[in-house]
Amino acid sequence: MAPGEILGLYGLVGAGRTELAKPCSAWTGYGGEVRLHGQPVRIRDVGEALRRHRVGYVTENRKEEGLFLEQPITRNIGVTVWRRLARAGLIPDRSERALVADYTARLDIRAASPKQLAGQLSGGNQQKVSLAKWLAATCDVLIIDEPTVGIDVRTKAAFHELIADLANDGKAILLISSDLPEMSRWPTGSR
């Protein structure tokens, strides 16, 4: 994949597409080679994917793998950038709140406040929070697995627009879906 490119990986649930693209377990457990910027890499876990290679992974299972449901929106979005925000080992509330306010507005996350628990949000807003944490981390490569499962039609259209905007901003995106119409909406051979 090149910067600005959306690469679609289509397959039915259970066909192995998620396992192929999961940055922590699959890349180390299967044959083949992963290359970033033309160089072979070995990625052992999500933290290494983020810190060393600027790869983010928006999981298909936001409730069990993508979010801390019993934590506020602020903690869920800020988790990927705590190291960057920390001062003397502490995370300034003001810095975290400013970051979250920016992404809440950009992604139109509908919540009572940034202190609202992620588990209290609608499915679409949970998905937006899950994506926001990786956008905050300023990843170069985003693996987005089943981005529109369980969300309403309006939010689905907004996600498609957001994915296109991310590609236009130079992000390389691996989009995994079992929804063939979703896969076919992206023009082939274009960036």
Side-chain angles (χ1 to χ4, degrees), residues 4 6-9 13 17-18 21-24 46-47 49-50 54-82 84-85 91 93-179 181-183 185-186:
I6 300 170
L7 175 64
L9 181 57
V13 174
R17 58 195 170 68
T18 295
K22 208 173 223 184
C24 52
V46 174
L50 175 60
R54 298 176 53 103
V55 174
Y57 177 64
V58 181
T59 178
E60 69 179 325
N61 189 344
R62 64 182 172 260
K63 290 188 179 201
E64 292 179 21
E65 298 175 344
L67 296 171
F68 302 112
L69 296 175
E70 298 300 320
Q71 292 294 319
I73 295 166
T74 305
R75 294 287 182 245
N76 275 279
I77 294 176
V79 69
T80 58
V81 294
W82 283 346
R84 188 173 73 208
L85 296 177
I91 301 163
D93 285 342
R94 186 176 7 182
S95 298
E96 193 173 48
R97 280 195 312 268
L99 173 89
V100 171
D102 179 42
Y103 285 99
T104 300
R106 285 172 57 183
L107 297 182
D108 192 29
I109 297 170
R110 307 277 173 117
S113 83
K115 294 179 181 179
Q116 185 173 354
L117 300 181
Q120 296 172 339
L121 299 172
S122 68
N125 283 304
Q126 286 179 352
Q127 190 71 340
K128 289 177 183 179
V129 170
S130 185
L131 178 60
K133 75 179 179 184
W134 296 109
L135 296 180
T138 61
C139 297
D140 294 331
V141 177
L142 277 172
I143 301 168
I144 306 174
D145 196 353
E146 293 286 6
T148 60
V149 168
I151 61 176
D152 62 78
V153 173
R154 186 176 134 260
T155 305
K156 187 175 191 171
F159 256 89
H160 290 158
E161 186 176 317
L162 176 62
I163 290 167
D165 289 345
L166 291 170
N168 288 334
D169 288 344
K171 305 284 185 209
I173 298 172
L174 174 59
L175 183 64
I176 304 166
S177 182
S178 59
D179 182 354
E182 182 167 66
M183 288 285 99
R185 78 174 308 283
W186 308 104

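- Contact of the L121 side chain with the Q116 side chain is registered, since non-hydrogen atoms from C-beta on lie closer than 4.5 Å.
- Of the possible donor and acceptor atoms, one in the side chain of K171 sits under 3.5 Å from a partner among the backbone N and O of C139.
- For the residue pair E182 and S177, a side-chain donor N or O sits within less than 3.5 Å of a side-chain acceptor on the partner.
- Between the side chain of W134 and the backbone N or O of Y57 there is at least one donor-acceptor pair closer than 3.5 Å.
- With a 4.5 Å cut-off on side-chain heavy atoms, L50 and V55 do not count as touching.
- Y103 contributes no side-chain N or O that, together with a main-chain N or O of I77, makes up a donor-acceptor pair within less than 3.5 Å.
- For the pair V129 and I109, the minimum side-chain heavy-atom distance is below 4.5 Å.
- Donor-acceptor pairing under 3.5 Å is lacking for the side chains of T155 and Q127.
- Exactly one of I163, I176, V58 qualifies for a side-chain contact (heavy atoms from CB on, under 4.5 Å) with P147. That residue is I163.
- The side-chain heavy atoms of L67 and Q126, taken from C-beta on, include a pair separated by under 4.5 Å.
- Checked against side-chain contact (heavy atoms from CB on, under 4.5 Å), N61 has the following partners two or more places apart in sequence or in another chain: T59, K63, E64, E65.
- Classification of R106 and D102 as a salt-bridged pair holds, one side-chain N sitting under 4.0 Å from a carboxylate O.
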Practice prompt. Just do the side-chain contact (heavy atoms from CB on, under 4.5 Å) check on T104 and R110 with the steps written out, would you?
Written response: CA-CA 8 Å; T104 300; R110 307 277 173 117; over 6 Å; no
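- Side-chain atoms of K128 come within 3.5 Å of backbone atoms of D108 as a donor-acceptor pair (strictly under, hydrogens ignored).
- Of the possible donor and acceptor atoms, one in the side chain of R54 sits under 3.5 Å from a partner among the backbone N and O of T138.
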Practice prompt. Give the C-alpha distance, both sets of side-chain angles, the deciding distance and a yes or no for side-chain contact (heavy atoms from CB on, under 4.5 Å) between V149 and D179.
Written response: CA-CA 9 Å; V149 168; D179 182 354; over 6 Å; no
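- Considering only residues two or more places apart in sequence or on other chains, L162 meets the side-chain contact (heavy atoms from CB on, under 4.5 Å) condition with L107, L131, L166.
- Here the side chain of N76 pairs a donor or acceptor atom with the backbone of F68 at under 3.5 angstrom.
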